[in-house]
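Atoms considered below: every heavy atom in the structure, side chains included; atoms not considered: hydrogens, waters and symmetry mates.
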Amino acid sequence: MLGRLTLAAIPSDPIAIAGASVVVIGGLVVISLLTYFRLWKWLWSEWLTSLDPKKIGVMYLIAAVVMLARGMIDAGMMRAQQAVSVGSDQGFLAPAHFDQIFTAHGVIMIFFVAMPFMFGLLNLIVPLQIGARDVAFPFLNSLSFWLFVAGALLVNCSLVIGEFAATGWLAYPPLSEIAYSPGVGVDYYIWALQIAGLGSLFSGINFLTTILTMRSPGMTLMRMPIFVWTAAASMVLVIFAFPILTGTLGMLFLDRFAGMHFFTSDFGGNPMMYINLIWSWGHPEVYILILPAFGVFSEIVPVFSQKRLFGYTSMVIATISITVLSFLVWLHHFFTMGAGANVNAFFGIMTMVIAIPTGVKIFNWLFTMFRGRILFTSPMIWFFGFVVTFTLGGAAGVLMSIPAADFQLHNSLFLVAHFHTMIVGGVLFGYFAGLTYWFPKIFGYRLDETLGKIAAWLWIVGFVVAFVPLYILGFMGATRRLDHYDLSTGWRPLFIIAGIGVVIIACGAALQVLQLIVSYRRRHKYRDTTGDPWNGRNLEWFTPSPPPAYNFTHIPHVYGHDAFWAAKHSSVIHPAEHDDIVMQKDTGLGLYIAGFSFVAGFAIIWHIIWLIPVALVGGIVCILFRMLDEHTEYTITI
């Protein structure tokens with residue numbers, strides 16, 4: 001009846017038990033509080049069933065923060081292990097557990113922190129910036145979010161029942177094949193990413209359609225805000241890249257579940273095919289995440305420099321160039337695997353070329369600030385931290401684009417430092433800046449600036465302290481994923497410094513939590529009564545804070561760039577004629593479908609064969625019910 005699921009699936013390692021206990025107790029506490037305060041009905045009707053993209057965006061952000069806490073705990077455990085596990089001291093983590101932790105850390109930070117931060121901001125801001133009342137497919141938007149949640153739940157479920165993959169965050173075969181990973185860890189990996197990835201693909205289709213078809217009158221493509229341009233480019237990448245991930249993981253699953261040989265060394269399979277496929281998705285994924293962060297900075301820098309963005313057209317061209325080139329650089333991730341000098345030279349050159357449009361953006365932001373009246377707000381502090389760290393990481397990336405240099409640095413901690421500089425110093429700093437900037441628009445009150453600035457500086461300083469030592473360790477020959485090393489290497493002081501950096505980052509994160517609490521308690525003092533607390537430039541500031549469910553009572557007609565700025569200074573924005581407002585009714589069917597998807601994934605992982613068709617039928621019935629429902633809309637008369 002229960003397939004491979006037995007009592008042996010309950011963790012026995014003390015640290016694993018502690019982690020599982022935190023998850024279980026945390027869940028019980030949340031359920032108890034909701035029950036005690038009688039909030040279940042409110043939660044269901046106002047949030048869980050909502051099709052309002054602003055509420056879905058807030059739920060994305062909450063999920064991202066929760067998963068960020070999990071990812072940071074994993075990072076702290078890894079750095080603590082590396083700081084103490086030297087010589088005769090073996091540290092506090094068993095090697096197999098350490099392997100699971102670094103795999104979970106990578107998966108969580110990319111798929112379940114950076115991605116929901118991105119989709120959260122897109123839900124909150126894109127419809128407002130293009131003058132739309134909703135997204136193109138509201139129900140699909142809800143379904144996308146709940147599929148993401150189902151994937152995240154599977155990752156956390158592996159803490160309590162079974163294990164997670166111990167393969168690294170891309171699960172290279174043959175290590176991820178059944179012969180070397182016979183447990184359920186890789187299966188958790190596959191189905192968490194398959195389900196969440198399907199939600200990401202749906203979101204990509206939804207937002208690209210929204211941007212192309214729902215812009216307000218007069219907003220041509222070359223009048224769109226840069227954030228919308230970067231969102232559109234990112235969604236194009238999602239649509240082209242995520243089917244590759246789905247197919248690749250599907251073949252790996254068939255290898256493990258059905259005895260196929262796509263990626264084995266026998267019966268015609270080839271592990272290198274997997275590595276080519278996974279990086280054909282994996283490197284565009286980096287730009288899927290970073291492009292909207294570039295868009296955030298393109299919104300923030302003009303506002304707080306009190307100038308128009310320098311080089312709008314070149315920004316658009318750079319964005320499109322990055323989008324195209326991102327599919328031409330994947331092989332630089334395995335220069336050392338024998339592809340040949342000609343192939344390596346091509347991908348090395350392409351990697352150098354893609355740095356050019358990225359550099360164009362940096363210079364445009366700097367020229368925007370030139371002779372501007374710069375306001376040193378917390379979003380600008382995040383931007384300055386980004387410029388320093390991202391430029392450092394970009395220079396390291398150009399160095400690694402040289403195949404001869406990469407032969408020395410590949411698989412070392414230099415690579416780890418470079419990647420984190422791009423993702424943390426680029427993506428995460430960008431989304432923190434965007435969240436701070438748009439917070440009053442989302443919630444109706446500003447965040448405490450003093451705490452925000454201190455938190456930003458702690459993150460920036462902590463990041464430098466945590467990752468500059470890894471660049472040095474990489475040059476010294478330290479490979480990544482080490483859980484133990486000899487005292488004679490002389491690496492320990494640098495690992496200890498890196499651990500101190502993680503502690504400083506944790507202090508910054510704690511201050512961000514304190515900032516949220518203090519700002520909420522002082523929300524009446526920080527209330528945004530104007531809808532435009534920063535003297536903004538685009539249409540999101542044309543609405544009250546927070547906006548109504550339908551965003552705009554009258555859809556604005558725009559005549560140029562920086563539409564709201566133009567309206568404030570020359571009255572060139574005029575309401576377009578409008579009919580009654582038609583909105584989608586809230587529904588819980590997206591949650592139900594994702595719930596059945598979770599059950600199906602769990603059943604496949606544990607080989608509970610009878611439960612798989614039951615879950616699939618349940619999901620299909622929900623889909624049919626939605627398709628046959630003719631009463632999905634309601635009308636607001638103004």
Side-chain angles (χ1 to χ4, degrees), residues 106 109-111 113-119 121-122 126 169-170 193 197 200-201 203-205 207-208 211 226-245 248 276-299 314-334 347-362 364-365 386-387 389-391 393-398 400-401 415 418-431 433-434:
M109 296 303 280
I110 295 296
F111 287 94
V113 175
M115 290 292 282
F117 264 127
M118 177 188 73
F119 282 123
L121 290 178
L122 263 58
V126 166
W169 76 282
L170 288 177
L193 298 197
S200 297
L201 179 60
S203 289
I205 296 169
F207 279 102
L208 185 62
I211 293 168
I226 293 295
F227 180 72
V228 177
W229 262 110
T230 57
S234 178
M235 295 305 98
V236 168
L237 291 177
V238 166
I239 292 168
F240 279 96
F242 267 82
I244 301 174
L245 177 67
T248 305
N276 273 281
L277 286 171
I278 202 72
W279 278 117
S280 295
W281 159 81
H283 203 89
E285 168 68 6
V286 174
Y287 292 99
I288 287 169
L289 298 174
I290 197 67
L291 281 171
F294 289 164
V296 169
F297 292 128
S298 297
E299 300 298 321
S314 62
M315 277 290 204
V316 173
I317 294 172
T319 299
I320 296 171
S321 300
I322 291 171
T323 304
V324 174
L325 291 170
S326 68
F327 277 104
L328 300 176
V329 295
W330 83 86
L331 198 133
H332 72 217
H333 290 278
F334 44 100
F347 282 93
I349 293 169
M350 288 297 101
T351 304
M352 296 177 194
V353 169
I354 203 172
I356 296 173
T358 307
V360 167
K361 288 179 175 287
I362 297 286
N364 279 7
W365 293 320
F386 155 80
V387 169
T389 57
F390 193 80
T391 302
V398 172
M400 296 185 70
S401 72
L415 171 63
H418 161 68
F419 185 75
H420 281 79
T421 307
M422 299 291 100
I423 299 301
V424 178
V427 174
L428 205 56
F429 284 10
Y431 294 156

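Taken from CG in L331 to CG in N276, the straight-line distance is 6.0 Å, to the nearest 0.5 Å. A distance of 8.0 Å separates CD1 in I322 from CG in L325, rounded to the nearest 0.5 Å. Interatomic distance, T391 OG1 to I362 CD1, rounded to the nearest 0.5 Å: 4.5 Å. Here the straight-line distance linking atom CH2 of W279 with atom CZ of F334 works out to 9.5 Å at 0.5 Å rounding. Interatomic distance, CD1 of I317 versus OG of S321, reported as 7.0 Å (0.5 Å rounding). Here E285 contributes atom CD and L170 contributes atom CG; the two are 10.0 Å apart, rounded to the nearest 0.5 Å.
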Start with the C-alpha gap between F347 and S401, add the side-chain angles, then the distance that decides, and say whether side chain to side chain contact (heavy atoms under 4.5 Å, CB included) holds. CA-CA 8 Å; F347 282 93; S401 72; over 6 Å; no

Report the C-alpha distance between M115 and I288 in whole Å, list the side-chain angles of each, state the deciding distance to 0.1 Å, and finish with yes or no for side chain to side chain contact (heavy atoms under 4.5 Å, CB included). CA-CA 9 Å; M115 290 292 282; I288 287 169; 4.2 Å; yes

Would W281 and W330 count as a side chain to side chain contact (heavy atoms under 4.5 Å, CB included) here? Give the steps. CA-CA 8 Å; W281 159 81; W330 83 86; over 6 Å; no

Please report the C-alpha distance between V296 and T230 in whole Å, then the side-chain angles of each, then the deciding distance to 0.1 Å, and finally whether the side chain to side chain contact (heavy atoms under 4.5 Å, CB included) criterion is met. CA-CA 9 Å; V296 169; T230 57; over 6 Å; no

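Closest of all the heavy-atom pairs between G425 and F386 is O-CD1, 3.3 Å. Residues A233 and T323 approach most closely at CB-OG1, 3.1 Å, considering heavy atoms. Scanning all heavy atoms of the two residues, the minimum distance from A293 to G430 falls at CB-CA, 4.1 Å. When all heavy atoms are compared, the tightest approach of L289 to M118 is CA-SD, 4.4 Å. Closest approach of M315 and N364 over heavy atoms only: CG-ND2, 3.4 Å. Here the shortest heavy-atom pairing between V427 and A114 reads CG1-CB, 4.1 Å.
Between the S234 side chain and the A231 main chain, no donor and acceptor come within less than 3.5 Å of each other.
Proximity of F419 to V286: side-chain heavy atoms (C-beta onward) are separated by under 4.5 Å at one or more points. Side-chain contact between L415 and M400 is present, with at least one heavy-atom pair separated by less than 4.5 Å. Using a 4.5 Å heavy-atom cutoff, the side chains of F327 and L237 are in contact. Two residues are said to be in side-chain contact when any heavy atoms from C-beta on lie closer than 4.5 Å; F227 and F294 fail this criterion. Side chains of T421 and F390 form no contact here, defined as non-hydrogen atoms less than 4.5 Å apart. Between I205 and M235 there is no side-chain heavy-atom pair separated by less than 4.5 Å. A 4.5 Å side-chain heavy-atom check between L193 and F242 finds every atom pair outside the cut-off. With contacts defined as side-chain heavy-atom distances shorter than 4.5 Å, the pair H420/I423 does not qualify.
Counted by atom type alone, S298 and K361 present zero donor-acceptor pairs between their side chains at under 3.5 Å.
H283 pairs by the ring-ring contact (aromatic ring centres under 6.0 Å, His included) definition with Y287, H332, H333, not counting sequence neighbours.
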